[in-house]
Undergrad: 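Take this structure, written in C-alpha cells, and hold onto it; I'll ask about it next.
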2 protein chains.
Amino acid sequence: MNLSKTSKYAFRILGHMAKDEHALYSAQQLHKDIYVPERYLRRLLTDLSKHGFIKSIQGRHGGFTFACDTSTITLLQIVEAIDGQGSINECILGYDICVFNHSCPMHDVWEETKLKIIETLSKTSLKDIHYKILEDL
Amino acid sequence: MNLSKTSKYAFRILGHMAKDEHALYSAQQLHKDIYVPERYLRRLLTDLSKHGFIKSIQGRHGGFTFACDTSTITLLQIVEAIDGQGSINECILGYDICVFNHSCPMHDVWEETKLKIIETLSKTSLKDIHYKILEDL
DNA sequence: ATTAAATACTACCTTGTTGTAGTATTTTAC
DNA sequence: GTAAAATACTACAACAAGGTAGTATTTAAT
Ligand code: SF4
Ligand code: SF4
C-alpha cells in the first residue's frame, strides 16, 4: 500500500482535465490551475501520454486532451501506471515474497481493507471525479 | 495515505513479539526470526523503546519486552509513531493544505475508504495479530 | 577484575523519489 | 521562410528513506 506523490499529481491533472472532457489543456494553464511544479508537470504529461490516457498535440496551439473516454479510465489504472502493477496489493508486513502461505493474522486483518481500497480505486472513473478549481487561488 | 517500509518492519517486530507477550527477545534472535536487517532492526528497537511500546533490558542476558499490555497497542499508534501523526489522513490529491474546503469530488470518493483504513488500524491491537513464524525458514 | 553479550549513540553511505535545467523538435500564425 | 509557442527528450540535482559501520556503554556470569 503506497500512493506516491506523483500518482496524486496525476489525479490532480486528469481530474482537472475531466472537468471538460473534450477540451485542450496546455501545460502552462494546467500548472496555474493545479500547482504542480511546471517542469515536473510537463514530464508527467508526457508520461501519461505514453500510457495512453491522454494525447499531446504539438505546435502553435497545442496541448493535451484525452485519448479515450473518461469513463473508461479508473483511478486504479492511473496508480498502476505510475507506481507500478500491484503496488496497492503488496504484503502489509513488507515481505517481497510471502513467508507464509498468504495467510497470517496480519494478512487476515488487512485483507478486507485492502480489497476496499482496490474496489474504490477500480470503481471510480475520471468521469466521476471531475472537479472545479476555485478561481481565487 | 502512506505506510513506510519501516512501519511494516515495526509490524513484523511487534507482531512477532506479541506471540509471547511477556517473553524477552534479543535483537539477534528477532533478526533470525523476521529477516529485518540486523543493524536497522536494532535502531528500530531503540526507537520503539523511546515511543514506549517496548522497554530494553541491557546486559548479559538482556533484550526487549513489552512496556505495556499488548491489547493497548493498536496498529494505528505504531504507524503514527513511525510515519508521523496524521500520515494516513493526508490529502489524496497531495496538497499540503486543502485548496478546497475539505470537499471536492476526489475527497468524497476517498473519504469512506480512508475511514475504513483508519478504523481497521485503530481497532486492531497487537493482541489480535500475534503470529507464528514458520520454523523452516 | 575480566570478559562476553547485550543495547545506545552518532555519523555516514546507498537507494529511490521528486524536482529542475537545458536543449531539441514540432507545428502554425504571420 | 521566420519566429513564436507549444511538446519531447535526457541528464542530473536535491531530498528523503532505508540501511550500515564503528564505537561506547551497560550488565552479569565467571
Ligand atoms: S500472509 Fe502475511 S507475510 Fe504473507 S503476504 Fe500476507 S501479510 Fe505478508
Ligand atoms: S477536499 Fe480535495 S483538496 Fe481538499 S483535502 Fe480533500 S481531497 Fe484534498
Side-chain angles (χ1 to χ4, degrees), chain A residues 1-13 17 23-67 79 81-84 87 90 93-96, chain B residues 1-13 17 23-67 79 81-84 87 90 93-96:
Chain A
M1 170 207 188
N2 82 319
L3 227 146
S4 71
K5 191 156 194 178
T6 305
S7 279
K8 291 173 180 171
Y9 282 161
F11 285 164
R12 283 196 218 175
I13 295 167
M17 286 177 67
L24 193 67
Y25 298 87
S26 73
Q28 199 171 89
Q29 190 57 46
L30 279 173
H31 165 64
K32 284 180 189 153
D33 286 340
I34 61 176
Y35 317 105
V36 176
E38 189 167 351
R39 300 310 287 272
Y40 198 54
L41 169 67
R42 288 178 186 279
R43 215 180 61 177
L44 235 180
L45 285 167
T46 302
D47 224 46
L48 291 171
S49 300
K50 285 185 181 159
H51 276 102
F53 298 124
I54 54 179
K55 61 188 172 196
S56 67
I57 293 164
Q58 290 194 331
R60 191 73 172 74
H61 293 113
F64 294 91
T65 189
F66 281 103
V79 172
I82 304 288
D83 292 340
S87 64
E90 287 168 351
L93 291 175
Y95 286 109
D96 289 333
Chain B
M1 170 206 187
N2 83 320
L3 227 146
S4 70
K5 192 158 193 179
T6 304
S7 281
K8 292 172 180 170
Y9 282 162
F11 286 164
R12 282 197 218 174
I13 295 168
M17 287 177 66
L24 193 67
Y25 297 87
S26 74
Q28 199 171 88
Q29 190 56 44
L30 280 173
H31 165 62
K32 285 180 189 155
D33 287 340
I34 61 176
Y35 318 104
V36 176
E38 188 166 351
R39 300 310 287 273
Y40 198 53
L41 169 66
R42 288 176 186 281
R43 216 179 63 176
L44 234 180
L45 285 166
T46 302
D47 224 45
L48 292 171
S49 299
K50 284 184 181 158
H51 276 102
F53 298 126
I54 54 179
K55 59 188 173 195
S56 67
I57 293 167
Q58 290 195 330
R60 190 75 172 69
H61 292 114
F64 293 90
T65 190
F66 281 104
V79 173
I82 303 289
D83 292 340
S87 64
E90 287 168 352
L93 292 175
Y95 286 109
D96 289 332

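Below, chains carry the letters A, B, ... as their sequence lines are ordered, and counting in each starts from 1. For the numbers below, each heavy atom of this structure counts, side chains included, while hydrogens, waters and symmetry mates do not.
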Undergrad: Specify the separation, in whole Å, of atom CZ of A:R12 and atom P of C:dG19.
TA: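 For the pair A:R12 CZ and C:dG19 P, the rounded distance is 9 Å.
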Undergrad: Would you tell me if any nitrogen or oxygen in the side chain of B:K50 comes within less than 4.0 Å of OP1 or OP2 on C:dC9?
TA: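 Result: yes.
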Undergrad: OP1 or OP2 of D:dG18 sitting under 4.0 Å from any side-chain N/O of B:T6?
TA: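 Yes, B:T6 has a side-chain N/O under 4.0 Å of OP1/OP2 on D:dG18.
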Undergrad: Is B:Y9 near enough to D:dG19 that one of its side-chain N or O atoms lies under 4.0 angstrom from OP1 or OP2?
TA: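 Indeed, a polar side-chain atom of B:Y9 lies that close.
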Undergrad: Could you check how far CG of B:N2 sits from P of D:dA16, rounded to whole Å?
TA: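 That distance rounds to 14 Å.
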Undergrad: Output the single nucleotide from D:dA8, D:dC12, D:dG19 whose closest atom is nearest the side chain of B:P37.
TA: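 Side chain of B:P37 sits closest to D:dG19.
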Undergrad: Please report the closest heavy-atom contact between A:A27 and A:L41, naming both atoms and the distance.
TA: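 So the minimum-distance heavy-atom pair works out to O-CD2, 3.4 Å.
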Undergrad: Measuring from the side chain of A:F64 (C-beta onward, heavy atoms only), which nucleotide among D:dC9, C:dA29, D:dT7 has the closest atom?
TA: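 For the A:F64 side chain, the nearest candidate turns out to be D:dT7.
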Undergrad: Quickly work out the B:L48 CG to C:dT7 C1' distance and round it to whole Å.
TA: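 The answer, rounded to whole Å, is 14 Å.
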Undergrad: Is there a side-chain contact between B:Y40 and the phosphate of D:dA17, meaning an N or O under 4.0 Å from OP1 or OP2?
TA: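 Indeed not, no polar side-chain atom of B:Y40 lies that close.
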Undergrad: Can you check the B:I13 CD1 to D:dG19 C1' distance for me, whole Å?
TA: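 For the pair B:I13 CD1 and D:dG19 C1', the rounded distance is 14 Å.
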Undergrad: Below the 4.0 Å mark, does D:dT7 have OP1 or OP2 next to a side-chain nitrogen or oxygen of A:T46?
TA: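 For D:dT7, OP1/OP2 do not have a side-chain N/O of A:T46 under 4.0 Å.
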Undergrad: Can you tell me how far P of D:dT27 sits from CG of B:L24, to the nearest Å?
TA: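 It is 14 Å, rounded to the nearest whole Å.
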Undergrad: Just the rounded figure in Å: distance from P of C:dG19 to NZ of A:K8.
TA: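 It is 11 Å, rounded to the nearest whole Å.
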Undergrad: Does B:S56 make a side-chain N or O approach to OP1 or OP2 of C:dA8 shorter than 4.0 Å?
TA: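 Answer is yes, contact under 4.0 Å.
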Undergrad: Starting at the 5' end of DNA chain D and moving along, which residue's nearest nucleotide shows up first, A:Q28 or B:G59?
TA: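 Nearer the 5' end of the strand: A:Q28.
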Undergrad: Could you work out which one of C:dG19, C:dT7, D:dG18 sits closest to the side chain of A:R43?
TA: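 Nearest to the side chain of A:R43 among the choices is C:dG19.
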Undergrad: Describe the nucleic acid contact of B:S49 in one word from base, sugar-phosphate, nothing, applying a heavy-atom distance below 4.0 Å.
TA: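 The residue B:S49 makes no contact with any strand.
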Undergrad: Under 3.5 Å, is there an N or O donor on one side and an acceptor on the other linking the side chain of B:R39 and the base of D:dG22?
TA: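 Donor-acceptor pair under 3.5 Å: yes.
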Undergrad: Mind calculating the distance between CG (A:L41) and P (D:dA6) to the nearest angstrom?
TA: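 It is 13 Å, rounded to the nearest whole Å.
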Undergrad: Round to the nearest Å and state the distance from A:D83 atom CG to C:dT18 atom C1'.
TA: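 About 13 Å, once rounded to whole Å.
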